Amino acid sequence: MDHTIEVRGLTKHYRSTLAVDALSFDVAPGAVTGFLGPNGAGKSTAMRMILGLDAPDAGHARIGGRRYRELRRPLREVGALLEAKAFHPGRSAAAHLTALAAANDIPRSRVAEVLELVGLEGAARRRAGRFSLGMAQRLGLAAALIGDPGVLVLDEPVNGLDPEGIHWLRSLLRSLAAEGRTVFVSSHLIGEMALTADRLVVIGAGRLVADTSVAELSARYGSLETAFLSLTSAGVEYRGKAAS
Ligand code: ADP
């Protein structure tokens, strides 16, 4: 399967708010692509539409040429982390992952593998409802990885992680990309994304303002902070130029 994420003209309103505005970009396999923008820029809304959880008003998103809903074995093709605490609070981490594996025809042996991969093997039997945000993020990542998918869509996975956890996540994402997977990860922190991502898709007020490499962006603006501030605050005016 081709693992490119293709977003074309994606648009979504919430009443009078234009959350995502005619967004088009590709996310290629074999690299970490950062999805960057200030809070409220429309990142989560765009990711939900990519994952078929929200219906666009216009446009579409495809993964390997198909809409998410058309994937035959979604968890084996696309791993997603949207809400860190999207699990039953009374279940243990291992029980949560075991249920997920069973429902998706994934071998039970993957549960121990992904718990180890995210560093939760010591907490496998603990109730997930008592997890810190950082541990919940690790469990969410384990769930995203359980089907060994070629595509990962992760919304702000750094939130709640301590510095050691952030460092760990950075290496994990880079190694998943080095294995040829498509890694699409959102953040509102440009410094973190600069260290993790190869490419950056930057949005401001729902619109694409840059789709480029980290090196090109910092070379063009002198520093990434300057780039981020000018791009996202002047998003509308800049759009034509930066997206070219
Ligand atoms: P980000 O992930 O970049 O922080 P969001 O996609 O969460 O941005 O939000 C984009 C805009 O859409 C914001 O103005 C937000 O308030 C609005 N929004 C997001 N989800 C909803 C919703 N379910 N109902 C109403 N407005 C929403």
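Every number for a ligand or one of its atoms is a count from 1 in the order of the listing. The residues of the chain are indexed from 1 along the displayed sequence. Predicted, not measured: the structure shown is a model, and the values here were computed from it.
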Once the angle between the rings of F184 and F25 is folded into 0 to 90°, is it parallel (under 30°), tilted (30 to 60°) or perpendicular (over 60°)? tilted
Can you tell me if R48 contacts ligand 1 (heavy atom of the residue under 4.0 Å from the ligand)? yes
Specify whether the nearest protein heavy atom to atom 15 (C) of ligand 1 is under 4.0 angstrom away. no
Find out whether I5 and V7 are in side-chain contact, i.e. whether some heavy atom of one side chain is under 4.5 Å from a heavy atom of the other. yes
Consider every N or O of T17 and every N or O of ligand 1, then say whether any pair is closer than 3.5 Å. no
Is there a polar contact between ligand 1 and A19, counting only N or O atoms under 3.5 Å apart? no
Among the clusters formed by ILVMFWY side chains lying less than 4.5 Å apart, do L195 and L36 turn up in the same one? no
Report, in ascending order of atom number, the atoms of ligand 1 lying under 4.0 Å from any heavy atom of A41. 1 (P), 3 (O), 8 (O)
Any protein heavy atom < 4.0 Å from atom 12 (O) of ligand 1: yes
hydrophobic_cluster_shared for V20 and L53, side chain cutoff 4.5 Å: yes
Is there a side-chain contact between V214 and D198 (heavy atoms, below 4.5 Å)? no
Verify the neighbour count for atom CD of E116: are there more than 12 heavy atoms of other residues, nucleotides or ligands below 6.0 Å? no
Based purely on interatomic distance, does T45 place a nitrogen or oxygen under 3.5 Å from a nitrogen or oxygen of ligand 1? yes
Verify whether one side chain among D26 and T4 offers a donor that lies under 3.5 Å from an acceptor in the other. no
Should G42 be listed as contacting ligand 1, given a heavy-atom distance under 4.0 Å as the test? yes
Is it the side chain (CB and beyond), the backbone, both or neither of P38 that lies under 4.0 Å from ligand 1, heavy atoms counted? backbone
Atoms of ligand 1 less than 4.0 Å from N39 heavy atoms? 4 (O)
